[in-house]
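Taking it in order: structure first as structure tokens, then the write-up.
Letters A, B, ... mirror the listed sequences (proteins, then strands); counts begin at 1. We use all heavy atoms of the structure for the numbers below, so side chains are in, but hydrogens, waters and symmetry mates are not.
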Number of protein chains: 2
Amino acid sequence: MDNVKISQALSDPIRYKILMMLVRSDNACCPVISNSAGESPVGLCNCEIMNELSMIQSRVSYHMKELVETGLVNEEPRGKWKYYFANSKKMLDYVDQLKRDFNLE
Amino acid sequence: MDNVKISQALSDPIRYKILMMLVRSDNACCPVISNSAGESPVGLCNCEIMNELSMIQSRVSYHMKELVETGLVNEEPRGKWKYYFANSKKMLDYVDQLKRDFNLE
DNA sequence: CGATTATATCAATATTTTTTGATATAATCA
DNA sequence: TGATTATATCAAAAAATATTGATATAATCG
């Protein structure tokens, strides 16, 4: 199920942290941009995450791919950078499904 | 963090399914019992889960231990059986923490 | 254009998680 | 009591994930 895959994405402390960073991201090391929804400035690029978490580049790339694959994160290439945005809609869907599956509230 | 550990518990399709079964459990293969909160009949024993999911006993044991360790499931030994109950409070805590961490709603 | 910078991917390794079968414990039943 | 039944645990194997370093791609900068 979709929720299992998302739980799996959230089950790594690094990815969980990155998601929180994205949610809270304002502008970054990289040039300030708007996302496609016109909100501005939001998003983080790989390099920012690397620096923030002191991780090597391929490791960041790997985890971002995992996150993007679940839909929890959207990406937007911009010049030589790639920006990432938290997808709140998807997060909410996850929570709502949990509530349904586990009879909450 | 606690939420990472819980996500990890939810990230296995079998455990996710068992949780749903527990939430929906009424009475079972084993004698009908009440849980310590006096609600009755609820809970499932190992054997029920084994049969339902066609899993060997040690595998069920392993997954139940994982679930109990997160607090998502409570256990109650009763004679030679062990009954399991979904802990809705813990599930709600998880959801609430998600909302806070990811700025939902 | 060539050099630099950002990111992706790949193969090898390491680590973690899951599964199995065997054995242990402990309660009930006859 | 001994036999049976339910569950736990353990060691080994299998499978899945994560990490690293190397190399590839592709955009920008001078």
Flag, side chain of A:Arg24 to backbone of A:Leu19, donor-acceptor distance under 3.5 Å: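 Checking the backbone N and O of A:Leu19 against the side chain of A:Arg24, no donor-acceptor pair under 3.5 Å is found.
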Main-chain N/O of B:Ala9 paired with B:Arg15 side-chain donor or acceptor, under 3.5 Å: yes
Most 5' of A:Gly79 and A:Lys5 on DNA chain D, judged by nearest nucleotide: A:Lys5
To the nearest angstrom, how far is [X] atom [atom1] from [N] atom [atom2]?
{"X": "B:Arg78", "N": "D:dA6", "atom1": "CZ", "atom2": "P", "result": "17 Å"}
{"X": "B:Ile56", "N": "D:dT7", "atom1": "CD1", "atom2": "P", "result": "14 Å"}
{"X": "A:Lys82", "N": "C:dA6", "atom1": "NZ", "atom2": "C1'", "result": "11 Å"}
{"X": "A:Leu53", "N": "D:dA18", "atom1": "CG", "atom2": "P", "result": "15 Å"}
{"X": "A:Tyr62", "N": "D:dG21", "atom1": "OH", "atom2": "P", "result": "17 Å"}
{"X": "B:Arg59", "N": "D:dA11", "atom1": "CZ", "atom2": "P", "result": "21 Å"}
{"X": "B:Gln8", "N": "D:dA18", "atom1": "CD", "atom2": "P", "result": "10 Å"}
{"X": "A:Met64", "N": "D:dT19", "atom1": "CE", "atom2": "P", "result": "14 Å"}

Among [options], which is the nearest nucleotide to the side chain of [X]?
{"X": "A:Ser58", "options": "C:dG21, D:dA8, D:dA22", "value": "D:dA22"}
{"X": "B:Lys80", "options": "C:dT19, C:dA8, D:dT5", "value": "D:dT5"}
{"X": "A:Ser61", "options": "D:dT19, D:dT9, C:dA8", "value": "C:dA8"}
{"X": "A:His63", "options": "D:dA18, D:dT19, C:dT18", "value": "D:dT19"}

Salt-bridge present (A:Lys90, A:Asp2; N to O < 4.0 Å): yes
Donor-acceptor pair present, A:Gln57 side chain and C:dA6 base, under 3.5 Å: no
More than 12 heavy atoms of other groups within 6.0 Å of B:Lys99 NZ: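 It does: B:Lys99 NZ has more than 12 such atoms within range.
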Side-chain N,O (B:Asn46) to OP1/OP2 (D:dA8) below 4.0 Å: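 Result: yes.
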Beyond-backbone contact of B:Val73 with B:Phe85, side-chain heavy atoms, under 4.5 angstrom: no
